[in-house]
Amino acid sequence: MKPNGWLTPQSLARRVEQALEAQVRSHSFSTRAPTSRCSRTTATKSSILRPSFRRPFTHTTHRANRPPAEDPSFTSVLDNPPELVRTGRRHGPGLIILAIIPVTAFLLGTWQVQRLGWKTELIAKFEDRIVREPLPLPPRVDPDAIHDFDFRRVRARGRYRHDLEMLVGPRMRDGEQGFMVVTPLEREGEGTTVLVNRGWISKKFRDRRSRPESLPTSEVEVEGLLREPWKKNMFTPENRPDKNEFYFPDVKQMAALTDSQPVWIEQTMEPDLLQTIDMESKGIPIGRPAEVNLRNNHAQYIFTWYGLAVATSIMFYMVVKKPPTDISRRVRMNKEWS
């Protein structure tokens, strides 16, 4: 409702039209009256007040105010309710990565199941070889056949070449740093020498002269495990034979330096606690027990990978089914509103 001081377009048009009609009547009256100075003055004023052009004014008809229910094109909110949607891009590249993670984790878990079966069979095969009686080591050993006798107990007799002794390390044992003592065992016959890993000694006995009781000069009988050559990992530095520094047992390299066969025997023993303490105090190498020490952590890996697959699958489902937040909610109509 407009204030009383305001004029509508209709009332303004009527007032202007009435003013023009009054000017026309005044002009007609002045043309019929005798000419006089007063009339001429009135005519002049009328000509000045007369507009240079005429614009027709028409009365606009008022549109009938019909209720919205009578309009056939009217659509109610009840007939066409709005829909809450999320505008913009719903998910980005992160969703693709989140979808790849559970698939990859599931495949890795399945691969670890296969690895667990393979490692279990391998350990069972090695344990079967250990429980058998030790075999006498033949004079000449084919390096290609060692794979079929890995972890097989063998027995050999000969004399240690302490002048060709090599220390591999450092190696830790019960929190103390030390080395593995590798000594060539010279047997009867030419070209029958093999490499024997006698065991661990403390770092303070690195010099041979500090441990005379560990240097037997007579013939000895060694019982141990026939092992395949070790493989160097990427983090282990290269050996430096010129400085007598060996960081890993490179069997072929050591055999070439000592003119021995590339055969690696790990001496086994099972001393009690007092004997172990006495051997350690005298610098006598402590051999390993006759057991399979291969790590078998594949069951833990299976639990880890399958657990990750389940967790990321739940996260993926929650992200896809997550309702829109208040900020990202928008109203979209089902139909075009008029």
Side-chain angles (χ1 to χ4, degrees), residues 126-127 129-130 134-135 137 141 146 149-187 193-232 236 239 241 244-251 253-255 257-258 260-295:
F126 290 160
E127 289 179 347
R129 293 176 181 175
I130 286 180
L135 293 175
L137 189 68
V141 180
I146 297 178
F149 293 88
D150 195 14
F151 277 95
R152 188 69 169 86
R153 295 169 61 192
V154 294
R155 184 185 296 112
R157 297 184 64 87
R159 296 177 182 272
Y160 283 127
R161 291 289 307 274
H162 298 293
D163 57 325
L164 300 177
E165 180 182 272
M166 295 167 285
L167 300 180
V168 180
R171 292 292 188 274
M172 301 297 295
R173 183 179 185 274
D174 296 336
E176 185 176 358
Q177 188 175 353
F179 298 92
M180 291 191 308
V181 180
V182 180
T183 308
L185 180 66
E186 191 176 51
R187 300 183 295 166
T193 305
V194 294
L195 299 175
V196 178
N197 176 15
R198 299 180 59 192
W200 179 89
I201 61 171
S202 178
K203 182 180 179 181
K204 61 184 179 181
F205 295 108
R206 183 170 185 173
D207 189 359
R208 291 196 304 270
R209 292 172 296 181
S210 62
R211 45 182 172 89
E213 296 186 25
S214 67
L215 306 175
T217 57
S218 60
E219 187 179 45
V220 296
E221 183 178 25
V222 177
E223 182 177 327
L225 301 178
L226 185 64
R227 293 300 315 277
E228 282 190 293
W230 289 33
K231 295 181 180 179
K232 173 181 173 296
T236 305
N239 293 334
N244 198 25
E245 295 179 358
F246 297 89
Y247 301 100
F248 77 102
D250 189 341
V251 177
Q253 182 186 52
M254 292 179 172
L257 292 173
T258 58
S260 305
Q261 301 182 75
V263 178
W264 180 267
I265 300 175
E266 294 184 354
Q267 187 176 8
T268 59
M269 59 180 64
E270 295 183 1
D272 56 25
L273 180 59
L274 296 179
Q275 291 177 342
T276 302
I277 296 175
D278 182 64
M279 294 173 64
E280 184 176 352
S281 63
K282 295 179 180 179
I284 300 176
I286 303 174
R288 56 164 296 173
E291 61 183 16
V292 179
N293 56 356
L294 297 180
R295 292 184 301 176

Ignoring hydrogens, what is the shortest heavy-atom contact between L185 and A156? Give both atom names and the distance.
CD2-CB, 4.1 Å
Using only atom types and a distance under 3.5 Å, with no angle test, would you say the side chain of R198 pairs donor to acceptor with the backbone of S214?
yes
CZ of R171 to CE of M180, rounded to nearest 0.5 Å, is 4.5 Å
Taking C-beta and beyond as the side chain, do D150 and R129 meet within less than 4.5 Å on heavy atoms?
yes
Look at the side chain of R159 and the backbone N and O of T217, then say whether any donor-acceptor pair between them is shorter than 3.5 Å.
yes
Locate the shortest heavy-atom distance separating T276 from P271; write the atom from each residue and the value.
OG1-CG, 3.5 Å
Apply the side chain to side chain contact (heavy atoms under 4.5 Å, CB included) test between W264 and each candidate in I146, V194, V182; give the one that qualifies.
V182
Spell out, as yes or no, whether a donor-acceptor pair under 3.5 Å connects the side chain of R288 to the backbone of L225.
no
How close do R155 and P134 get, heavy atom to heavy atom, and via which atoms?
NH2-CG, 3.1 Å
At what distance, to the nearest 0.5 angstrom, does CE of M166 lie from CE of M254?
5.0 Å
Close side-chain approach of L195 to P184, heavy-atom, < 4.5 Å
yes
Short side-chain to backbone donor-acceptor contact, W230 and F248, under 3.5 Å:
no
From L226, V222, N197, residue fulfilling side chain to side chain contact (heavy atoms under 4.5 Å, CB included) relative to E266:
N197
Please indicate whether F126 has more than 12 foreign heavy atoms, meaning atoms of other residues, nucleotides or ligands, lying under 6.0 Å from its CZ.
yes
Would R227 and F151 count as a cation-pi pair here, with the cationic atom under 6.0 angstrom from the ring centre and within 45° of the axis?
yes
Quick check: do V168 and F179 have side-chain heavy atoms less than 4.5 Å from each other?
no
About how many Å separate CG of L167 and CZ of R208, when rounded to the nearest 0.5 Å?
8.5 Å
Do the non-hydrogen side-chain atoms of T193 and T258 ever get within less than 4.5 Å of each other?
no
Of all heavy-atom pairs between P216 and H162, which one has the smallest distance, and what is that distance?
O-NE2, 2.8 Å
Donor-acceptor contact below 3.5 Å, side chain Q261 vs main chain V141:
yes
For R211 and G283 the tightest heavy-atom approach is CD-O, 3.4 Å
Would you say the side chain of Q275 lies within less than 4.5 Å of the side chain of D278, judging by non-hydrogen atoms?
no
Rounded at 0.5 Å granularity, tell me how far CG in L215 sits from OG1 in T183.
8.5 Å
For the student: nearest non-hydrogen atoms of Q253 and P241, plus distance
NE2-CG, 3.6 Å
Pairwise side-chain contact, P170 with K203, heavy-atom cut-off 4.5 Å (strictly under):
no
Do the side chain of R153 and the main chain of I130 share a donor and acceptor less than 3.5 angstrom apart?
yes
So do the side chains of P212 and K282 get within less than 4.5 Å of each other, counting heavy atoms only?
no
Taking the side chain as every heavy atom from C-beta outward, state whether L257 and F246 have any atom pair closer than 4.5 Å.
yes
How far does OG of S210 sit from NZ of K204, to the nearest 0.5 angstrom?
9.5 Å
Measuring from atom CD1 of I286 to atom CD1 of I201, what distance do you get when rounded to the nearest 0.5 angstrom?
10.0 Å
